[in-house]
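Chain identifiers are assigned alphabetically (A, B, ...) following the order of the sequence lines, protein sequences preceding nucleic acid strands; residue numbering begins at 1 within each chain.
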2 protein chains.
Amino acid sequence: MERVTMADVAKEAGVSKSTVSQYLNKRYEYMGEKTRTRIKEAIERLDYQPNYIARSLKQKRTSMIGIIVANIMHRFSTEVSHAIEEYCYDSDIQAIVCNADDDPAKEKKYIEMLMAKQVDGLIIFPTAKNIDLYDQMIKSGYPVVFMDRKAGDLNLPRIVANNVESAYDAVDHFIKYGHRKISIITQELSTSPRAERVTGYKNCLQDHEIEYKDEYVINQPIEELQLELDRMFSLSQPPTALLAGNDLVFLEILRFMKRKSISVPEHFSLVVFDNIPFADVATPAVSTISQPAFEMGQKAAELLLKQIKKEDVELKEYQYPCDLVIRETSARQTD
Amino acid sequence: MERVTMADVAKEAGVSKSTVSQYLNKRYEYMGEKTRTRIKEAIERLDYQPNYIARSLKQKRTSMIGIIVANIMHRFSTEVSHAIEEYCYDSDIQAIVCNADDDPAKEKKYIEMLMAKQVDGLIIFPTAKNIDLYDQMIKSGYPVVFMDRKAGDLNLPRIVANNVESAYDAVDHFIKYGHRKISIITQELSTSPRAERVTGYKNCLQDHEIEYKDEYVINQPIEELQLELDRMFSLSQPPTALLAGNDLVFLEILRFMKRKSISVPEHFSLVVFDNIPFADVATPAVSTISQPAFEMGQKAAELLLKQIKKEDVELKEYQYPCDLVIRETSARQTD
DNA sequence: TTGTAAGCGTTATCAA
DNA sequence: TTGATAACGCTTACAA
């Protein structure tokens with residue numbers, strides 16, 4: 001196991017612990033050539049590995065940050081985490097990814113555990129149910145960045161997509177393609193992006209003077225979606241275009257299509273709000289609204305590391321535009 | 001920031017640090033009822049949060065483990081990591097996931113950094129290029145479990161899939177479906193699973209007395225695959241069945257199909273060796289050899305935690321059978 | 001240029 | 001049943 005300590009190296013090299021410490025922290029300025037090589041050799045001979053825990057205790061920094069993801073099953077979360085990790089790697093920072101699984105209690109537990117582990121800061125996809133806790137962290141000056149979701153009226157940097165506008169654009173695209181019976185399907189409206197996507201949908205219908213119909217709007221838990229889809233497609237006038245609110249919803253729509261043996265874009269046009277793997281190479285290629293997950297992740301990391309280094313950051317909302325990519329699941333409606 | 005320490009709580013409650021420590025570690029046996037409540041109240045009043053770093057320094061355990069994934073872009077890696085995390089969550093252990101990105105130098109750096117951070121053990125998808133380092137860790141008694149890939153002849157628990165047999169089964173399935181011109185496509189044969197899958201392929205052809213043809217076997221980096229596929233499908237006798245060696249290869253095959261406007265199973269049958277999202281709900285649904293990623297991850301975690309707790313574990317290879325799921329991309333060949 | 005010594009916030013040992 | 005006190009392995013004034 002880990003045996004060799006700095007004291008051993010010091011003894012081996014015939015110097016004191018502090019000198020070894022100096023050496024390790026590359027403070028060579030006032031260090032004699034011989035002492036340096038002697039320490040170097042001693043370290044090699046003993047195969048000494050420094051203990052970062054001890055250093056952290058003293059320095060009050062761990063060079064670790066935490067990422068608390070609301071639900072790791074979303075491709076978007078994975079892409080963002082990945083971008084954060086990559087950014088951190090260049091600064092010799094470790095990222096610990098935790099999955100709150102859409103459970104506020106689990107989120108709370110992770111926040112407390114990561115803070116107890118003295119991680120230097122946190123990037124959170126907030127469940128938005130632990131407002132008091134968020135508030136307390138922020139007030140205490142602890143570095144935090146919010147990602148993807150809005151929560152409360154807190155004074156910290158937030159990275160979000162322009163959900164309203166992007167959903168608007170997708171619906172606008174449907175309308176330009178001749179659709180009038182347009183549906184939007186999301187999970188429960190318990191998070192800001194979902195609600196915003198529905199808002200964009202409504203706004204666009206309104207601007208085009210298309211009547212909003214409740215029966216075309218599904219906001220239900222994943223488990224309910226098959227039933228809801230059955231219902232919606234039994235209408236005398238089923239929708240001809242669907243906007244899937246995220247990748248998990250898309251999965252359910254695929255399942256539904258499989259079950260009914262129907263296909264896109266023949267039966268309806270489809271746009272998915274989310275990054276999905278294979279979207280471009282699938283047949284038919286899937287039209288998507290893709291969020292700039294990589295840029296968003298990098299920005300979050302940048303803002304967090306700046307806060308950790310006590311540099312000034314703007315405590316505002318950083319909004320990212322998404323990219324509506326029309327592929328083969330969108331078709332013109334001619335009736 | 002983090003201000004309140006155990007000493008503050010002790011003072012506030014009018015007891016000594018050691019008593020507070022006892023309380024926190026739930027050693028109530030010899031503790032007076034009143035002291036207990038006084039400490040409890042003091043903790044609440046001060047909103048004290050223990051510092052796990054200090055505890056770790058003393059106890060020489062961090063309750064963290066590291067996962068070093070060879071390449072995070074594989075769905076399999078994500079699923080395994082996820083299973084490990086879930087298992088660890090129940091034991092109050094944190095998992096730190098690092099992506100070596102198929103780079104032995106990066107793998108080495110991560111191993112050293114995680115050990116310096118005093119993580120209690122490591123689950124590694126080895127690049128198999130750092131044998132000396134692996135050897136050293138294992139000799140020193142550090143808890144390690146290998147996942148997915150074989151590396152060197154080391155004395156530690158290894159979790160692997162039965163690659164030879166599973167590839168064999170897929171080819172056997174092709175042959176039963178009337179195929180004789182069967183191709184296998186993988187990346188470079190630099191890892192054991194890839195080589196084993198090719199072995200299974202060869203064995204099966206041999207058992208069925210089908211001639212092995214080099215021109216049907218592609219083992220090239222991802223970037224070369226489009227060229228190689230072009231070449232292979234320009235043969236006078238192109239293959240009628242393809243076994244894709246993993247999910248990234250599958251992506252390239254999809255890209256190729258898109259480019260050539262050809263489809264499965266009309267142009268060829270396809271089985272993918274890997275877990276891919278949407279496989280069952282895609283159209284056509286994709287035949288896959290799915291690895292029991294969840295079980296493999298759980299087992300790895302179980303074996304690692306046992307080692308950490310100094311319990312005996314068998315230092316052997318744990319081999320997991322995969323599941324050949326025939327879906328719609330496999331068709332009978334009638335010519 | 002290097003060494004001494006006092007922490008960092010816990011836990012563990014042993015007395016009281 | 002509780003309290004001193006010495007670690008844990010490192011950093012950092014300050015002294016030499």
- Query: Has S16(A) got a side-chain N or O lying under 4.0 Å from the OP1 or OP2 atom of dG3(C)?
  - Reply: yes

- Is any side-chain nitrogen or oxygen of K60(B) closer than 4.0 Å to OP1 or OP2 of dG9(D)? yes

- Message: Check the phosphate of dT10(C) against S56(B), side-chain N and O only, distance under 4.0 Å to OP1 or OP2. Yes or no?
- Response: no

- Query: Are K316(B) and Y318(B) in a cation-pi contact, defined as NZ or CZ under 6.0 Å from the six-membered ring centre and within 45° of the axis?
  - Reply: yes

- Query: Which nucleotide in the list dC10(D), dG3(D), dG3(C) gets nearest to the side chain of Y48(A)?
  - Reply: dC10(D)

- Query: Can you check the Q118(A) CD to dG9(C) P distance for me, whole Å?
  - Reply: 9 Å

- Query: To the nearest Å, how far apart are K11(A) NZ and dG9(D) C1'?
  - Reply: 14 Å

- Side-chain contact, heavy-atom cut-off 4.5 Å: R61(A) with Q118(A)? no

- Give me the bend of the helix from dT1(C)-dA16(D) to dA16(C)-dT1(D), using the axes of the five pairs at each end, rounded to 10°. 40°

- Query: What is the nucleic acid contact for T35(A), judged by heavy atoms within less than 4.0 Å: base, sugar-phosphate only, or nothing?
  - Reply: sugar-phosphate

- Message: Tell me whether E317(B) is salt-bridged to K150(B), with the criterion being a basic N under 4.0 Å from an acidic carboxylate O.
- Response: yes

- What integer distance in Å separates Y52(A):OH from dC10(D):C1'? 13 Å

- Nucleotide dT1(C), atom C1' - distance to CD1 of I39(A) in whole Å: 11 Å

- Item | Nucleic acid footprint by protein, nucleotides 11-16 of chain C - heavy-atom cut-off 4.0 Å, B for base, S for sugar-phosphate alone | BB----

- Task: For the residue pair Q59(B) and Y52(B), establish whether any side-chain heavy-atom pair is separated by less than 4.5 Å.
- Result: no

- Results of side chain to side chain contact (heavy atoms under 4.5 Å, CB included) for T127(A) - residues two or more places apart only: P104(A), E107(A), K129(A), N130(A), Y134(A)

- Inspect the contact between R36(B) and E33(B) and indicate whether a charged nitrogen and a carboxylate oxygen are less than 4.0 angstrom apart. yes

